[in-house]
Amino acid sequence: MLSAGLNIVGFSWITSPAATELEMIVLDWLAKMLKLPEDFLSAGQGGGVIQGTASEAVLVVLLAARDKVLRRVGKDALEKLVVYASDQMHSSLQKACQIAGIHPENCRLLKATSSTNYALSPEFLSETISQDLTIGLIPFFLCATVGTTSSTAVDPLLSLGKIAKSNGMWFHVDAAYAGSACVCPEFRHYMDGVEEADSFNMNAHKWFLTNFDCSALWVKDRSAFVQALSTNPEYLKNKASQANMVVDYKDWQVPLGRRFRSLKLWMVLRLYGLENLQCYIRNHIKLAKHFENLIAQDPRFEVVTPRIFSLVCFRLLPVRNDESHGNKLNHQLLDAVNSTGSAFISHTVLSGKYILRFAVGAPLTEEKHVNAAWKVLQDKATSLLAESL
């Protein structure tokens, strides 16, 4: 309410010094909570910026990476540029490639399988890069994910980062969902290898009690943003900007105008504090673990991928081991549960199987709600299985 009521339009430092300075401060705070490398802090060549969404974050880093490589190899090489990620990467990367002019056939979404719990295989990546180099293409951008959308898989950042570095590629880490959990020491290891990254993103509006929109993005070299995204018309010129004394966030994003988003994040960090935020995350993971245990006790169901954070991927096992029947059965179960209005579950497809997804993430969720949702699932499953006999 404060952020909206103040109606600050903080696109450059001169329009609102407070909005710019506060954004730098709170993103340094959050970076330290996540134990990000010092290169990402505003005191050096890098720094943080709040984007609207992770989709905007991946777009601006892709544009910065594209322009950086084209300055080296020549602007006519655009059609040779190749982007790499797991096929579990959020679809925002494909959209970013479309906007940035990367040829669709040069967006390599590499198949991730159950053998790696749907994480990107470094060996498969190396092999694909070698093949592309052989035919004269230019690998320039690698995106890894900490907590994929479908199953919260975690890509091996350290191995992937070393591959990116040895090939002169920009390495971006998308931790939109699971980044929040990494403020807890026991989950921080999922970010091991982030020191190899050129940029890192997490959404405070997903699992960090901050209202939409607030997507935190850090970069090691802010000049890459400025060179790719800066415009300097006469009506925006001012002494502070021209003397390079200040940060103008308009040069770190796609639009010119921007809201006072940092005030929202400042409120959350000040009101809750690190300890309360850690308790909040831990409680959700504990509730998801409880749901996972309930599934394990019912032989009609299976947990499909190991639960890492607060998302459980599961399914109702098909009768007679018939996979096509199993997919239909789980689709029916999803519709039956959601039509009750007492619970809402979503789905994905992994290795051709239709999978149900139970996510704990609402501030008021308690164990009784998880138990009630499980009761609805069991009752609907009983009815569907009786019908299919």
Side-chain angles (χ1 to χ4, degrees), residues 1-31 36 40-43 45-67 92 95-96 99-100 172 174-176 179 199-206 208-270:
M1 286 170 66
L2 266 177
S3 180
L6 288 169
N7 199 29
I8 298 297
V9 188
F11 52 81
S12 61
W13 182 88
I14 202 77
T15 60
S16 176
T20 300
E21 302 283 348
L22 189 65
E23 189 153 336
M24 293 168 76
I25 288 166
V26 297
L27 285 176
D28 279 351
W29 285 355
L30 187 51
L36 287 179
F40 286 117
L41 301 180
S42 61
Q45 300 302 308
V49 56
I50 302 177
Q51 303 287 341
T53 63
S55 303
E56 288 174 48
V58 77
L59 173 60
V60 296
V61 295
L62 183 68
L63 293 171
R66 179 200 67 182
D67 285 10
S92 58
K95 184 176 276 192
I99 297 168
H172 176 62
D174 181 334
S199 50
F200 176 85
N201 171 233
M202 63 83 77
N203 284 354
H205 62 239
K206 269 199 170 74
F208 214 62
L209 289 165
T210 311
N211 54 312
F212 189 82
D213 50 0
C214 188
S215 183
L217 170 65
W218 290 270
V219 67
K220 281 183 178 172
D221 176 17
R222 58 178 176 255
S223 69
F225 281 168
V226 176
Q227 286 175 290
L229 301 165
S230 177
T231 54
N232 195 26
E234 190 62 40
Y235 48 80
L236 294 180
K237 288 179 181 174
N238 62 84
K239 286 179 185 175
S241 297
Q242 287 171 287
N244 286 323
M245 294 163 54
V246 295
V247 165
D248 288 332
Y249 277 126
K250 70 179 178 62
D251 300 331
W252 298 39
Q253 61 176 29
V254 173
L256 171 64
R258 64 199 321 271
R259 291 176 293 282
F260 196 175
R261 296 186 184 112
S262 57
L263 189 59
K264 299 188 286 190
L265 188 53
W266 181 83
M267 281 281 180
V268 169
L269 296 179
R270 294 288 288 157

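By convention here, the first residue in the shown sequence is residue 1.
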*For I8 and A19, work out which heavy atoms get closest and say how close.*
CG2-CB, 3.8 Å
*Write down the atom of T210, the atom of K264, and the distance for their closest heavy-atom approach.*
CG2-CB, 3.9 Å
_Expected output: side-chain D248 to main-chain W13 donor-acceptor under 3.5 Å_ = yes
*Could you pull out the closest heavy-atom pair between F225 and A64, with the gap in Å?*
CD2-CB, 3.8 Å
*What residue pairs, at least two apart or across chains, pass salt bridge (Lys or Arg N to Asp or Glu O under 4.0 Å) with a residue in residues 19-29?*
E23-R258
*Is any side-chain heavy atom of H172 less than 4.5 Å from a side-chain heavy atom of L217?*
yes
*Point-to-point distance, once rounded to the nearest 0.5 Å, from OG1 of T20 to CZ of F11*: 10.0 Å
*Working to the nearest 0.5 Å, report the span between NZ of K206 and SG of C214.*
12.0 Å
*Are there more than 12 heavy atoms of other residues, nucleotides or ligands under 6.0 Å from atom NZ of K237?*
yes
*Would you give the length of the straight line joining atom CG of L256 to atom CG of L229, rounded to the nearest 0.5 angstrom?*
12.0 Å
*Which heavy-atom pair separates A100 from R66 by the least distance, and what is that distance?*
O-NH1, 2.9 Å
*Would you say the side chain of L30 lies within less than 4.5 Å of the side chain of W218, judging by non-hydrogen atoms?*
yes
Side-chain atoms of residues 48-63: list all donor-acceptor pairs with protein atoms under 3.5 Å, sequence neighbours left out, distances to 0.1 Å.
{"from": "Q51", "atom 1": "NE2", "to": "W252", "atom 2": "O", "distance (Å)": "2.8"}
{"from": "T53", "atom 1": "OG1", "to": "S55", "atom 2": "N", "distance (Å)": "3.3"}
{"from": "T53", "atom 1": "OG1", "to": "E56", "atom 2": "N", "distance (Å)": "3.2"}
{"from": "E56", "atom 1": "OE1", "to": "G52", "atom 2": "N", "distance (Å)": "3.3"}

*Any idea which heavy atoms bring V9 and G257 closest together, and the distance?*
CG1-CA, 4.3 Å
*Does any N or O in the side chain of N238 come within less than 3.5 Å of the main-chain N or O of L236, such that one atom is a donor and the other an acceptor?*
yes
_Is there a side-chain contact between N201 and S215 in this structure, where contact means two heavy atoms from C-beta onward sitting under 4.5 Å apart?_
yes
*Are the side chain of K250 and the backbone N or O of T231 linked by a donor-acceptor pair below 3.5 Å?*
yes
*Salt bridge or not for R222 and D251, using N-O below 4.0 Å?*
no
*Supply the atom-to-atom distance L27 CG to W266 CH2, rounded to the nearest 0.5 angstrom.*
15.0 Å
*Of all residues at least two apart in sequence or in a different chain, which pass the side chain to side chain donor-acceptor pair (under 3.5 Å) check with Q227?*
R71
*Would D213 and R259 satisfy side chain to side chain contact (heavy atoms under 4.5 Å, CB included), going step by step from the backbone distance to the final call?*
CA-CA 10 Å; D213 50 0; R259 291 176 293 282; 2.3 Å; yes
*Output yes when a side-chain donor or acceptor of N203 lies under 3.5 Å from a complementary backbone atom of H205, and no otherwise.*
no
